[in-house]
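Note that the coordinates shown come from a computational prediction; the quantities given were computed from them, not determined experimentally.
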Amino acid sequence: MDSLTHAALGACLGEVMLSRKIGKRALLWGALAQNLPDIDVVAALWLSPDQNLLVHRGGTHSFLFALALAVLLSLLARRKYRDRPVPWNQFFGFFLVQLLVHDLLDTCNAYGTGLLEPFSQERFSFHLLYVADPLFTLWPCLGLIALLLLRNSNPKRTYWALAGLVPAVVYLGYAFLNKQQISQQIEASLAKQQIPYSDYFVTPTPFNNWLWYAVVATENGYQIGHRSVFAEKAVPTEFTFFPKREELLRFAVDPGEVQELKRFAHGYYTVERWNDTLVFNVLRYGQMQGWQDPKARFTFHYFLSPAGVDNRLVMQRGRAKGWNRESLQRMKIAIFGPPPEKAHSAMP
């Protein structure tokens with residue numbers, strides 16, 4: 001998730017778990033601890049882009065790192081507040097919860113989190129939330145604002161902390177139910193259209209939990225479609241086929257780079273040529289407004305050749321490309337359908 005969400009959640013947890021002992025400073029400690037696993041972003045300063053993709057949300061997001069860092073932070077905090085009646089185990093529980101919440105929350109979106117590193121390279125991704133979802137972030141932020149404004153002695157502080165935490169947990173449950181509904185409808189669409197497949201996944205589109213992106217693995221490529229939670233069950237999902245084109249990888253300049261990208265893609269990738277440029281697409285991150293253009297390019301596109309092409313912003317360059325007022329309106333229509341008068345005029 002984004003840093004603002006982590007900070008706000010950490011502050012609300014800090015209020016509940018530690019504020020009675022150290023006051024509003026618990027908010028700061030919580031916000032700081034919640035963001036510490038993302039210290040791995042500094043690795044981008046010396047790693048190549050393909051290596052950095054697997055380092056991010058790797059070791060610093062593991063259970064082992066959370067345990068070790070919680071011990072270290074507890075020792076530092078206990079030394080700083082030696083004049084306060086806060087036992088070491090309370091600090092340890094506080095920091096461990098903060099770090100684990102960060103790690104587990106990151107598993108809710110598409111990137112993948114290395115919870116078991118260094119013992120396993122498996123990445124966990126449950127595809128429940130987009131990396132930035134305003135309806136999820138809203139509640140912790142409101143809680144944090146209230147906590148910053150209220151005095152330490154105000155009895156409503158706990159209420160506002162819980163007001164920041166409980167709706168966020170409820171929203172996660174709502175996202176889970178949405179995913180279950182979309183998955184069932186995608187499977188029904190595939191059966192109705194008699195599309196053979198080996199596996200599939202669904203994940204939310206940007207900034208919402210109502211319009212979902214589906215990728216279905218077939219023998220030679222992928223069927224890709226979008227579906228709203230408000231779509232009628234009887235209406236099948238429309239799919240567009242994208243060939244995998246594995247054979248193009250023989251033209252890649254660096255075979256090691258290709259292997260890193262395959263690991264990162266979890267098997268969901270296509271290869272294509274854009275004029276003289278060889279491109280590796282990781283499908284987990286969706287298309288550039290694919291709900292309005294089924295053949296749109298993929299958000300994550302990594303340039304394999306020619307050599308020297310800049311891939312440093314590979315995670316960001318496609319996310320906001322082409323967004324404007326019209327594209328937001330198109331997303332609204334994809335979610336809720338056309339306005340009644342337009343829907344009526346479109347009927348035969």
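A donor-acceptor pair under 3.5 Å links the side-chain atoms of R78 to the main chain of V86, judged by distance alone. No donor-acceptor pair closer than 3.5 Å links the side chain of S120 to the backbone N or O of L116. Side-chain N or O atoms of S189 include none that pairs as donor or acceptor with a backbone N or O of P236 at under 3.5 Å. Side-chain atoms of T107 come within 3.5 Å of backbone atoms of L104 as a donor-acceptor pair (strictly under, hydrogens ignored). A side-chain donor-acceptor contact under 3.5 Å links H301 to the backbone of F298. With T237 contributing its side chain and R227 its backbone, the two residues share no donor-acceptor pair below 3.5 Å. For K321 (side chain) and M288 (main-chain N/O), no donor-acceptor pair under 3.5 Å exists by modelled atom type. Side chain of Q34 to main chain of A8: no donor-acceptor pair is present (N/O by atom type, distance under 3.5 Å, no hydrogens or angles). A donor-acceptor pair under 3.5 Å is absent between the side-chain atoms of N208 and the main chain of P204, judged by distance alone. Looking at Y171, its side chain never comes within 3.5 Å of a backbone N or O of W139 through a donor-acceptor pair.
Under a cut-off of 6.0 angstrom, the local environment of CD in E238 is sparse, with at most 12 non-hydrogen atoms contributed by other residues, nucleotides or ligands. A 6.0 Å sphere centred on CZ of R84 holds more than 12 heavy atoms belonging to other residues, nucleotides or ligands. Remark: W291 CH2 is packed, more than 12 non-hydrogen atoms of other residues, nucleotides or ligands lying under 6.0 Å away. Summarising the local packing, CG of N275 is surrounded by 12 or fewer heavy atoms from other residues, nucleotides or ligands at distances under 6.0 Å. When the shell of 6.0 Å around CZ of R273 is examined, it contains more than 12 heavy atoms from other residues, nucleotides or ligands. Residue-environment remark: CZ (F336) exceeds the threshold of 12 foreign heavy atoms within 6.0 Å. Under a cut-off of 6.0 angstrom, the local environment of CG in L75 is crowded, with over 12 non-hydrogen atoms contributed by other residues, nucleotides or ligands.
Using a 4.0 Å cut-off between charged nitrogen and carboxylate oxygen, K295 and D293 do not count as a salt-bridge pair.
Heavy-atom minimum distance, F303 versus V309: CD1-CG1, 3.2 Å. Of all heavy-atom pairs between H6 and D38, the closest is CD2-OD2, 4.2 Å. The two atoms that bring A11 and L27 nearest to each other are O-CD2, 3.1 Å, heavy atoms only. Closest non-hydrogen pair, L128 versus A175, comes out as O-CB, 3.4 Å. The minimum heavy-atom distance between D2 and A132, with the atom names listed, is OD1-CA, 3.9 Å. Contact detail for C12 and P140: the closest heavy-atom pair is SG-O, 3.7 Å.
In this structure, the side chain to side chain contact (heavy atoms under 4.5 Å, CB included) partners of E326, at least two apart in sequence or on a different chain, are N324, R330. With sequence neighbours excluded, the residues forming a side chain to side chain contact (heavy atoms under 4.5 Å, CB included) with S74 are W88, F91, F92, F95, listed by chain and number.
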**Request:** Decide yes or no on side chain to side chain contact (heavy atoms under 4.5 Å, CB included) for V202 and H127, but give the supporting numbers first.
**Result:** CA-CA 7 Å; V202 296; H127 297 280; 5.9 Å; no

Verdict with reasoning, Y197 to E187, per side chain to side chain contact (heavy atoms under 4.5 Å, CB included)
CA-CA 10 Å; Y197 67 97; E187 291 177 8; 4.0 Å; yes

query: Would N209 and L135 satisfy side chain to side chain contact (heavy atoms under 4.5 Å, CB included), going step by step from the backbone distance to the final call?
result: CA-CA 9 Å; N209 205 259; L135 288 182; over 6 Å; no

Yes or no on side chain to side chain contact (heavy atoms under 4.5 Å, CB included) for D103 and L115, after CA distance, side-chain angles and deciding distance?
CA-CA 7 Å; D103 296 343; L115 297 178; 3.8 Å; yes

Practice problem: Give the C-alpha distance, both sets of side-chain angles, the deciding distance and a yes or no for side chain to side chain donor-acceptor pair (under 3.5 Å) between R20 and N152. | Solution: CA-CA 9 Å; R20 292 183 180 179; N152 281 334; over 6 Å; no

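Side-chain N/O atoms of K233 and Q185 include no donor and acceptor closer than 3.5 Å. A donor-acceptor pair shorter than 3.5 Å can be found between the side chains of D40 and H56. For the residue pair Y200 / Q223, no side-chain donor-acceptor distance below 3.5 Å is found, with atom types taken as modelled. At a cut-off of 3.5 Å, with distance as the only test, no side-chain donor of S183 or Q180 sits close to an acceptor on the other residue. One side chain, H102 or H61, offers a donor N or O that lies under 3.5 Å from an acceptor on the other. Looking only at atom types and distance, the side chain of D106 has no donor-acceptor partner in the side chain of T113 under 3.5 Å away. Checking N109 against R57 by side-chain atom types alone, a donor-acceptor pair falls below 3.5 Å. Side chain to side chain, Q292 and Q289 meet the donor-acceptor criterion of an N or O pair below 3.5 Å.
Linking Ile, Leu, Val, Met, Phe, Trp and Tyr residues whenever their side-chain heavy atoms come within less than 4.5 Å places L73 and Y81 in a single cluster. Following chains of ILVMFWY side-chain contacts shorter than 4.5 Å, one can reach I335 starting from L328, so the two form part of one hydrophobic cluster. Using a 4.5 Å cut-off between side-chain heavy atoms of Ile, Leu, Val, Met, Phe, Trp and Tyr, with links allowed through other members, Y111 and F124 fall into different hydrophobic clusters. Hydrophobic cluster membership differs between V55 and F63, with clusters built from Ile, Leu, Val, Met, Phe, Trp and Tyr side chains linked at under 4.5 angstrom. Cluster annotation: L9 and L142 are assigned to distinct hydrophobic clusters (Ile/Leu/Val/Met/Phe/Trp/Tyr, side-chain heavy-atom contacts under 4.5 Å, transitive).
Contact check for V271 versus L278: side-chain heavy atoms found under the 4.5 Å cut-off. Contact check for E117 versus L64: no side-chain heavy atoms found under the 4.5 Å cut-off.
Atom CG of L177 is separated from atom CD1 of I182 by 12.0 Å, given to the nearest 0.5 angstrom. If you take NZ on K179 and CG on L129, they are separated by 10.5 Å, rounding to the nearest 0.5 Å. To the nearest 0.5 Å, atoms OG1 (T203) and OH (Y213) are separated by 9.0 Å. The distance from the CG atom of L144 to the OG1 atom of T137 is 12.0 Å, given to the nearest 0.5 Å. For the atom pair Y159 OH and L150 CG, the distance stands at 11.5 Å (nearest 0.5 Å). F280 contributes atom CZ, which lies 10.5 Å from atom OH of Y302 (distance to the nearest 0.5 angstrom).
Between W323 and F207, the ring planes lie perpendicular to each other; the angle is over 60°, past the 30° to 60° tilted range.
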Only distances under 3.5 Å count here; give the side-chain donor-acceptor pairs of residues 239-248 to other protein atoms, sequence neighbours excluded, each with its distance to 0.1 Å.
from : atom 1 : to   : atom 2 : distance (Å)
E246 : OE1    : Y269 : OH     : 2.5
E246 : OE2    : K262 : NZ     : 2.8
E246 : OE2    : Y269 : OH     : 3.2

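Cation-pi geometry between R297 and W274 is satisfied (NZ or CZ under 6.0 Å from the ring centre, within 45° of the ring normal). Figure legend: R123 and F264 shown without cation-pi pairing, the cationic atom not lying both under 6.0 angstrom from the six-membered ring centre and within 45 degrees of its axis.
With respect to F201, the ring pair (Phe, Tyr, Trp, His ring centres under 6.0 Å) criterion is satisfied by exactly one of Y222, F126, W212, Y268: Y268.
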